[in-house]
> 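One structure coming up, written as structure tokens, with questions to follow.
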Amino acid sequence: GAGVSQSPRYKVAKRGQDVALRCDPISGHVSLFWYQQALGQGPEFLTYFQNEAQLDKSGLPSDRFFAERPEGSVSTLKIQRTQQEDSAVYLCASSSLKLDRSQYFGPGTRLTVL
Amino acid sequence: AQSVTQPDIHITVSEGASLELRCNYSYGATPYLFWYVQSPGQGLQLLLKYFSGDTLVQGIKGFEAEFKRSQSSFNLRKPSVHWSDAAEYFCAVGLSYNTDKLIFGTGTRLQVFP
């Protein structure tokens with residue numbers, strides 16, 4: 001079946017603009033994760049959903065970052081008033097509570113804030 | 001605090017040579033351990049995982065890893081490297097079977113010479 005998809009793949013924003021990043025998880029996967037990967041670094045956890053419930057948002061760096069998954073499937077990560085330090089690759093992953101719970105990642109969205 | 005250390009930032013090997021990538025973790029409870037590979041511009045692909053049981057785990061593409069609790073290590077190995085193995089490799093620890101949040105190392109970049 002289809003893997004995790006993310007859109008857009010690339011996004012350029014001017015500082016101060018709002019952006020919205022979309023994630024389509026693997027069909028049937030209950031868990032959904034967002035990670036931020038800065039250049040030359042490993043991914044860092046942002047937030048976690050189980051169905052539509054956001055169970056962990058401890059990694060969100062500021063209140064400018066907001067994530068939602070209203071119907072327990074597609075998720076959107078929104079960044080308000082973007083700043084240069086927000087430039088990174090944003091990775092989405094999904095996993096199944098019924099199987100091995102390994103996380104499967106999408107290709108990521110590369111955000112560049114000018 | 002929980003952490004993952006990948007001591008080698010960059011490794012270069014000849015095609016056909018053996019490979020070992022090191023990973024050490026710091027976590028008080030039983031860890032859930034993963035190795036992912038990332039090619040340029042791509043998301044993360046799961047190579048293998050350890051949840052419990054046999055400490056030597058086999059993965060895709062001929063990779064294996066061994067969990068050594070006494071050394072807090074989960075090193076990745078491959079007996080004969082192929083040029084297509086050139087990529088960035090990330091070790092990760094799952095903090096809790098319920099939370100599923102992953103903590104990643106900073107990665108090891110593998111270069112393969114013909």
Side-chain angles (χ1 to χ4, degrees), chain A residues 2-10 21 23-26 29-51 53-60 67 88-110 112, chain B residues 1-10 21-25 27 30-53 57-60 65 74 76 87-109:
Chain A
V4 178
S5 61
Q6 293 185 245
S7 61
R9 291 291 313 276
Y10 303 91
L21 312 180
C23 172
D24 283 83
I26 293 172
H29 275 192
V30 171
S31 298
L32 186 145
F33 305 81
W34 284 98
Y35 293 84
Q36 180 190 58
Q37 185 176 22
L39 189 63
Q41 300 297 315
E44 292 192 357
F45 171 81
L46 292 176
T47 189
Y48 162 59
F49 289 86
Q50 190 175 113
N51 294 305
Q54 189 175 19
L55 299 185
D56 188 345
K57 53 182 180 179
S58 61
L60 296 176
V89 175
Y90 290 85
L91 295 165
C92 176
S94 70
S95 69
S96 168
L97 286 177
K98 295 181 180 179
L99 299 174
D100 65 9
R101 300 176 73 146
S102 297
Q103 293 181 31
Y104 297 91
F105 283 79
T109 294
R110 180 176 297 278
T112 302
Chain B
Q2 302 86 2
S3 65
V4 176
T5 301
Q6 294 182 246
D8 303 305
I9 297 173
H10 187 197
L21 303 183
R22 295 183 291 166
C23 173
N24 292 94
Y25 65 90
Y27 183 51
T30 301
Y32 302 96
L33 297 160
F34 306 83
W35 274 99
Y36 286 87
V37 60
Q38 186 176 39
S39 298
Q42 302 297 312
L44 298 165
Q45 182 183 20
L46 179 65
L47 285 177
L48 48 75
K49 58 187 179 288
Y50 171 79
F51 284 172
S52 64
V57 294
Q58 303 296 321
I60 62 171
F74 188 57
L76 181 71
E88 188 94 20
Y89 290 79
F90 291 96
C91 180
V93 60
L95 296 191
S96 158
Y97 203 63
N98 288 329
T99 304
D100 288 352
K101 173 167 61 178
L102 295 180
I103 301 295
F104 285 85
T106 52
T108 297
R109 179 165 299 278

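These numbers come from the heavy atoms of this one structure, side chains and all, not from hydrogens, waters or symmetry mates. First the proteins, then the strands, lettered A, B, ... as listed; each starts at 1.
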> Looking at residues at least two apart in the chain, or sitting in another chain, which of them share a ring pair (Phe, Tyr, Trp, His ring centres under 6.0 Å) with B/Tyr50?
B/Phe67
> Could you check whether any side-chain N or O of A/Gln37 sits under 3.5 Å from a backbone N or O of A/Val89, counting only pairs where one atom can act as donor and the other as acceptor?
no
> Under 4.5 Å heavy-atom distance to chain B, tell me which part of A/Leu91 shows up: side chain, backbone, both or neither.
side chain
> Counting only heavy atoms closer than 4.5 Å, note whether B/Gln38 contacts chain A via side chain, backbone, both or neither.
side chain
> Measuring heavy-atom distances to chain B, does A/Arg9 have an atom under 4.5 Å in its side chain, in its backbone, in both, or in neither?
side chain
> Would you please classify the geometry between the A/Phe105 ring and the A/Tyr35 ring as parallel, tilted or perpendicular, with 30° and 60° separating the classes?
tilted
> So for A/Glu44, is it side chain, backbone, both, or neither that comes closer than 4.5 Å to the heavy atoms of chain B?
neither
> Is the shortest heavy-atom distance from the side chain of B/Leu21 to the side chain of B/Gln6 under 4.5 Å?
no
> Using side chain to side chain donor-acceptor pair (under 3.5 Å) as the criterion, list what pairs up with A/Gln41, not counting sequence neighbours.
none
> With a 4.5 Å cut-off on heavy-atom pairs, point out which of B/Val4, B/Ile103, B/Ile9, B/Leu102 contacts chain A the most.
B/Leu102
